[in-house]
Amino acid sequence: MAYMDVQSKDFTIEKAVLVGLNSPVYTAAENADEESLDELEALLETAGGICVGRVLQNRATPDSKYVVGQGKAEEVAQLAKDLEAELIIFDNDLTSSQIKAMEELSGKHIMDRSGLILDIFAQRAKTKEGRLQVELAQYKYILPRLTGMWGHLVRQTAAGGKSPIGTRGPGETQLETDRRHIRRKITALEQELKEVRRVRSVQREKRIKNEVPVVAIVGYTNAGKSTLLNRLTGAGIPANNRLFDTLDTTTRKLKVSDTLEVLMSDTVGFIRKLPHHLVEAFKATLEELTFADVLLHVIDVSNPNWEIQAKVVDELIEQLGAAKTPVIEVYNKIDMFDGDIEPHGENKVCISAATGQGIDDMLALIERVLSAGKRQVRLMLPYSMAGAVDSLYTEATVKSVEYTPDGIDVVAVCGAKQLGRLEKYIVG
């Protein structure tokens, strides 16, 4: 256990005690350790709070009532009281009954990691789509926890009984009314997001028709994705050193070379123990990954836990159905890397988005990966198909054009679509 004294004149900063349980019953993703508590503390600071104490317990099995053992729960409650903390935040997911039990024991507001992440997302979402996604995730998070959250409400009874005056009613409990209301809200939000997906699908079909390659930037939160997009396109996205600084997708055009232009898309950052409902709600945004031509997986190589973070992102990419999309591993912040051997290998590049180091190498790699599956051919086009030459300039890489008595002699590097369309005009 560790704690610190905080003398703050800013009473808007909430103090919190962080609690985690490490148990062999949990999976590696569910367990708490010093590293995950460090991350929880960073999340708390992002939300506008400050950590005044930390408690990590090793226990054979989680306690059904408090998660941590009863003695440890009482110790946490006393610590929160002594340090004048308003919040107790668990690194492990809590049930409604566990939230209720800890609140009754401590008299403090109880949250878990998922609830904290949802709170941050609610602060950060700016666009209508982002707010819809966060609201949907929050309602899905609240629904199974209503029993604990609304335990203080008086239930109505059909026969009257001993209910206070003004609370006697037709027999439906406040809890049931709230559940029905939330289910209606969830249905309405899902319909709105379905329309968002439809519009996005139309936009995507237009891009595919125009054959504009899409490069999606993915990575752990705070890995430097927005800084990279700003460096490449001048997008002007606020790039601060804090978790989940970007929630709303930004797409910009980028001229990779004289013959290649792509659309670059920034995406929300991933994190360990990302709430399932949040991943589901953000699928309207994250499904862009499955339609991208290449993924830039940005990794903060200056972080001691970069390998763990990279694995989390890889697992989420697979979960979202984008495992077959070509991936370029971009090791960012190489200017702050203090290891002996820099990461290297096929489809790997070391850069610094802040200084510009390695950016040219990355662009060359993007062009090389996007060119895979293409081949150079010679075409002899009739003059009646002169318009096809204009299409080749936008859809392929034209090496040379010569107008001859026999037709238009074109040498170009073409993709599968152009090769299929112009196959009968290929010479040799």
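Every heavy atom of this structure was used, including side-chain atoms; hydrogens, water molecules and symmetry mates were not. Small disclaimer: the values here were computed from a predicted structure and weren't measured.
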Between [X] and [Y], is any pair of side-chain heavy atoms under 4.5 Å apart?
X: D93; Y: V67; result: no
X: P144; Y: S96; result: no
X: L370; Y: L260; result: yes
X: V294; Y: P213; result: no
X: I308; Y: E35; result: yes
X: D300; Y: N222; result: no
X: N303; Y: Q309; result: yes
X: R179; Y: R183; result: yes

- [ ] Please name the residue in the list K273, R272, R54 that meets the side-chain hydrogen bond (donor to acceptor under 3.5 Å, both in side chains) test with D91.
- [x] K273
For [Y], is there an ion pair with [X] - N to carboxylate O distance below 4.0 angstrom?
X: K72; Y: E75; result: yes
X: E190; Y: K140; result: yes
X: K255; Y: E261; result: no

Quick one: [atom1] on [X] to [atom2] on [Y], what's the gap to the nearest 0.5 Å?
X: I13; Y: E45; atom1: CD1; atom2: CD; result: 10.0 Å
X: L365; Y: K348; atom1: CG; atom2: NZ; result: 11.0 Å
X: R231; Y: T355; atom1: CZ; atom2: OG1; result: 6.5 Å
X: L232; Y: D266; atom1: CG; atom2: CG; result: 11.0 Å
X: S352; Y: M336; atom1: OG; atom2: CE; result: 7.0 Å
X: Y66; Y: L21; atom1: OH; atom2: CG; result: 15.5 Å

Restricting to non-hydrogen atoms, name the atom on [X] and the atom on [Y] that form the minimum distance, rounded to 0.1 Å.
X: I88; Y: M102; value: CD1-CE, 4.4 Å
X: T325; Y: A292; value: CG2-O, 3.3 Å
X: C414; Y: L392; value: SG-CD2, 4.0 Å
X: L56; Y: A32; value: CD1-O, 3.8 Å
X: A47; Y: L116; value: CB-CD1, 3.8 Å
X: A60; Y: V25; value: O-CG2, 3.3 Å

Heavy-atom neighbours of [X] [atom1] exceed 12 at 6.0 Å:
X: D390; atom1: CG; value: yes
X: E318; atom1: CD; value: no
X: K65; atom1: NZ; value: no

Just by distance, do the side chain of [X] and the backbone of [Y] share a donor-acceptor pair under 3.5 Å?
X: D112; Y: G115; value: yes
X: H297; Y: L295; value: no
X: Q57; Y: V68; value: no
X: S23; Y: R59; value: yes
X: N332; Y: A353; value: yes
X: N92; Y: E30; value: yes

TODO: Any chance you could lay out the side-chain contact (heavy atoms from CB on, under 4.5 Å) test for I50 and E14, step after step, and finish with the verdict?
DONE: CA-CA 6 Å; I50 189 166; E14 291 184 83; over 6 Å; no
Open item on the list: Apply side-chain contact (heavy atoms from CB on, under 4.5 Å) to residues V262 and K253 and explain how you reach the verdict.
Closed with: CA-CA 6 Å; V262 301; K253 278 187 178 181; over 6 Å; no
Open item on the list: Test side-chain contact (heavy atoms from CB on, under 4.5 Å) on E86 and H109; report intermediate values, then the result.
Closed with: CA-CA 6 Å; E86 296 90 352; H109 180 46; over 6 Å; no
Open item on the list: Taking the ring of W306 and the ring of Y331, is the distance between their centroids below 6.0 Å?
Closed with: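 Aromatic pair counts; centres sit under 6.0 Å.
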Open item on the list: Please identify which of these residues, T267, V330, L316, meets the side chain to side chain contact (heavy atoms under 4.5 Å, CB included) condition with V218.
Closed with: T267
Task: Pair R198-E195, salt bridge (charged side-chain N to carboxylate O under 4.0 Å, His left out): steps then yes or no - done: CA-CA 5 Å; R198 189 193 66 78; E195 177 61 17; 2.8 Å; yes
Open item on the list: Quick one, N230 with K225, criterion side-chain contact (heavy atoms from CB on, under 4.5 Å). Give me CA distance, side-chain angles, the key distance, then yes/no.
Closed with: CA-CA 9 Å; N230 287 342; K225 299 182 297 300; over 6 Å; no
Open item on the list: Run D33 and S36 through side-chain hydrogen bond (donor to acceptor under 3.5 Å, both in side chains) and show every step you take.
Closed with: CA-CA 5 Å; D33 54 29; S36 67; 3.3 Å; yes
